[in-house]
Amino acid sequence: MPSLPTASRAAAESDHARALSRVSLRHRLAERGLDRIIWLAVPGFLFVVALFIYPAIFGVVLSFQPNDDSGFFGNYIEFFTDAYLFDTIGNTFRIALPAALINVLASIPLALVMRGKVRGKRAINTILIIPISLGTVLVAEGLLTYLGPQGWFNRILMGIGLIQEPVRLTHNIWGVIISLIITGFPFAFLLTLSYISGINPKMEEAASTLGAGRWQQFYRVTLPLLAPGLAITFCLTFVLAFSVFPSAVMLGNPAGDSHVLSVAAAQTAFQKYDFPLASTISVITAVVELLVVALVLLWRSRLYRGSSAGGKG
Amino acid sequence: MTQLVVRERRAERQKGERRKSPFRWLVWVAAIFFFLNLFGVIASVLANSFATEWFDTWLPSGWTTKYYQTAWQDFQLADTLIVTMQVAVTVVVVSLIIGAPAAYVLARREFPGKKALMLSFLLPIMVPPITYGIPLATLLYKLHLGGTLNGVILANLVPAVPFVVLVMTPFIEQIDPKIEAAARMCGAKTWQIFTRILGPLVIPGLLAAALLVLVQTVALFELTFLTAGPGTQTLVVSLYYAVFASGIRPSQAISAMAVIYMLTTLVILVIALRYVSPTQMVTQIKDNSDD
């Protein structure tokens with residue numbers, strides 16, 4: 001009988017101790033920012049794990065399991081030795097790099113002119129949104145007619161006597177690049193405009209007071225302040241251009257010079273039903289693209305990244 | 001003193017010059033060239049859709065609307081439009097339900113692993129959709145979801161959820177946390193803070209995110225292309241197939257379908273632009289520019 005109170009007391013004490021430690025654990029976690037609110041992020045995290053990270057890992061694993069018994073690296077060896085497949089890397093760069101560079105470089109002067117108060121700024125921004133929201137498929141469809149040998153573009157050029165014969169702009173690399181400029185330039189411009197609007201014009205005025213010419217103001221003041229933003233703009237436009245797919249098939253020559261990585265991956269998967277090799281091409285695409293992005297971001301991290309808003313001090 | 005005045009005058013003169021400099025003219029000419037081409041593209045589709053025949057002339061030889069009827073029947077556009085709307089609306093609702101709470105956590109809390117979480121939301125947007133789309137489609141087909149409406153919705157959610165998180169996080173960050181603290185001081189429970197304090201404050205952000213996701217989902221091609229079956233194609237994908245298999249049907253019918261697609265996007269765009277600014281569509285930052 002006497003053992004009961006002690007036992008219950010011991011139980012109560014251990015309960016108390018457990019409660020204390022639980023409280024203190026919860027408290028300690030809360031101090032590190034882990035409280036009940038964190039549970040709100042769990043659905044989002046699980047979603048990304050289930051539908052992005054898991055498929056990605058599945059794809060990587062699949063890429064090491066060739067359909068034939070060519071071994072662990074079989075698909076990778078096939079990709080790098082088959083010239084038709086290996087050339088897709090070069091083809092993708094030949095399309096994506098010029099398109100991304102033109103988009104970013106062309107958006108700088110327009111953003112310089114359009115910053116501050118310009119009449120009709122909202123109207124211009126609204127028109128620029130149209131090609132972004134129409135999407136690549138529709139732009140490619142329209143360009144097929146517009147740039148074709150009987151299209152208005154060639155007719156006007158012949159009409160003003162600039163060319164004698166229609167220029168071939170469809171079913172080759174040019175059509176694809178033009179379609180990437182039409183959908184990508186507005187995107188790059190609106191991004192650059194938002195970065196350039198964050199630079200205080202007082203900085204250039206200060207440079208001008210110190211005797212800097214207009215070119216010097218741009219080259220020595222505005223450009224260095226804009227460069228980090230330009231790096232991000234380049235990355236995002238490059239990503240868009242690098243994953244070119246519908247316009248490469250519709251406007252380009254998907255068996256020849258616009259046989260890009262994404263076309264090769266889709267063809268391997270849905271025409272040859274070789275999902276392991278298609279996964280291999282996907283993995284290579286992602287790795288190459290992320291490498292370029294990482295290089296640009298590495299370069300960006302060496303740039304000036306302080307305030308560009310100006311002010312005292 | 002006089003020197004300063006002279007300098008100021010010079011700066012002013014420079015500003016005035018900048019308004020009419022040849023540089024400005026060149027930029028405007030280039031911009032107009034871009035716009036002309038853009039309108040040329042859209043107008044060619046429009047003209048072709050109403051053409052009886054259009055071969056080697058400036059304009060079609062005659063006008064007709066019969067190809068709209070052909071397109072509507074041949075491409076089963078009524079069904080395609082319904083599927084497109086079903087997919088887009090479901091994606092918007094689900095991505096907000098999953099994404100907004102996660103954005104709240106990222107905006108308000110500092111915790112170990114936050115950077116990794118942020119990266120896991122950034123990657124689906126940075127990586128080309130076709131790269132994760134192929135393994136994802138393979139998985140969905142294994143789960144017998146490939147080709148179904150649910151499969152298409154799941155695939156379209158992959159970029160939508162991270163997008164909502166990235167749009168909503170800065171929006172929630174700019175809401176003063178002191179308001180929540182004050183509500184708690186007044187005795188509000190956590191759920192009361194969410195429904196009665198934060199809820200009304202985040203509605204503009206939710207609306208903006210919803211419209212941006214809607215525009216994106218209607219235009220998103222790759223993932224739907226990889227996962228859709230015969231009855232579950234959205235408008236973009238069936239337009240792609242129509243162009244891809246051109247020759248079977250008159251090009252005017254394809255153009256008519258493209259015009260119907262343009263009109264759909266345009267309606268959504270007009271609604272969207274009432275609530276979000278054009279710059280917001282790409283920069284995900286609230287635009288406070290004064291124009």
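Because the structure is a prediction, the values reported are computed rather than measured. Lettering of chains follows the sequences in order, A, B, ..., and the numbering in each one begins at 1.
Contact of A:L144 with chain B is made through the side chain alone, with heavy-atom distances under 4.5 Å. For a residue to count as touching a neighbouring chain, one of its non-hydrogen atoms must lie under 4.5 Å from one of that chain's; by this rule B:Y240 touches chain A with backbone and side chain alike. Contacts of B:T265 with chain A are made by side-chain atoms alone, with heavy-atom separations under 4.5 Å and no backbone atom involved. For A:I53, the part sitting under 4.5 Å from any heavy atom of chain B is the side chain, from C-beta outward, and nothing else. Neither the backbone nor the side chain of B:L46 comes within less than 4.5 Å of any heavy atom of chain A. Contacts between B:A43 and chain A at a heavy-atom distance below 4.5 Å involve backbone atoms as well as side-chain atoms. When heavy atoms are compared at a cutoff of 4.5 Å, A:V49 does not approach chain B at all. Neither the backbone nor the side chain of B:L106 comes within contact range of chain A, judged by heavy atoms closer than 4.5 Å. For B:I97, no part lies near chain A; criterion is any non-hydrogen pair under 4.5 Å. Residue contact with chain B, scored on non-hydrogen atoms closer than 4.5 Å, is absent for A:S197.
When each of B:N37, B:L117, B:L239 is checked for heavy-atom pairs under 4.5 Å with chain A, B:N37 comes out on top. The greatest number of non-hydrogen atom pairs below 4.5 Å with chain A, out of B:V165, B:L157, B:N48, B:V236, is found for B:L157. Contacts with chain A were tallied for B:V45, B:I42, B:I130; B:I130 has the most, counting heavy-atom pairs under 4.5 Å. Of the listed residues (B:S251, B:S120, B:A219, B:S255), the one with the most heavy-atom contacts under 4.5 Å to chain A is B:S120. Among A:G135, A:G142, A:C235, the residue making the largest number of heavy-atom pairs under 4.5 Å with chain B is A:G142. Per-residue heavy-atom pair counts under 4.5 Å with chain A were compared for B:P135, B:P159, B:A31, and the maximum is reached by B:P135. The most heavy-atom pairs under 4.5 Å with chain B, out of A:L62, A:V244, A:V239, come from A:V239. For the set A:V42, A:T136, A:T126, the entry with the most heavy-atom pairs within less than 4.5 Å of chain B is A:T126. With respect to chain A, the highest number of heavy-atom pairs below 4.5 Å among B:L36, B:L123, B:T190 belongs to B:L123.
For the pair B:V243/A:V137, no side-chain contact is recorded, criterion being any heavy-atom separation below 4.5 Å from C-beta on. Taking the side chain as every heavy atom from C-beta outward, B:V105 and A:F45 never approach each other to under 4.5 Å.
Every side chain to side chain donor-acceptor pair (under 3.5 Å) that B:E180 has, sequence neighbours left out, goes to B:Y104, B:R108.
Across all non-hydrogen atoms, the minimal contact from B:W28 to A:V113 is NE1-CG1, 3.7 Å. Listed here is the closest heavy atom pair of B:I254 and A:E141: CG2-OE2, 3.5 Å. Annotation for A:W152 and B:S44: closest pair CZ3-N, 3.6 Å, computed over non-hydrogen atoms. Nearest heavy atoms, B:L136 versus A:L51: CD1-O, 3.5 Å. The shortest heavy-atom contact between A:V249 and B:F244 is CG1-CE1, 3.4 Å. Contact record, A:T145 with B:W54: CG2-CZ3, 4.3 Å, taken as the closest heavy-atom pair.
To the nearest 0.5 Å, the span separating CZ on A:F58 from CD1 on B:I134 amounts to 12.0 Å. Distance CG/B:L266 to CD1/A:I130: 6.5 Å, rounded to 0.5 Å. With values rounded to the nearest 0.5 angstrom, B:F34 atom CZ is found 5.5 Å from A:I182 atom CD1. One distance of note links CG of B:L38 with CZ of A:F185; it measures 11.0 Å at 0.5 Å rounding. For the atom pair CG (A:L110) and CG (B:L26), the distance works out to 12.5 Å, reported to the nearest 0.5 Å. Taking CD1 from A:I38 and CZ from B:F111, the interatomic distance works out to 4.5 Å, rounded to the nearest 0.5 Å.
Near-neighbour residues of residues 268-276 of chain A relative to chain B, defined by a heavy atom under 4.5 Å from a heavy atom of that chain, comprise A:A269, A:F270, A:F275. Scanning residues 280-287 of chain A against chain B with a 4.5 Å heavy-atom cutoff picks out A:S282, A:T285, A:A286, ordered by number.
Remark: side-chain polar atoms of B:Y261 are paired, donor with acceptor, to backbone N or O of A:L134 under 3.5 angstrom.
Applying the side-chain hydrogen bond (donor to acceptor under 3.5 Å, both in side chains) rule to pairs touching residues 239-249 of chain A yields A:S179-A:S247, sequence neighbours excluded.
Counted within 6.0 Å of CZ on B:F35, heavy atoms from surrounding residues, nucleotides or ligands total more than 12; the atom is thus considered enclosed.
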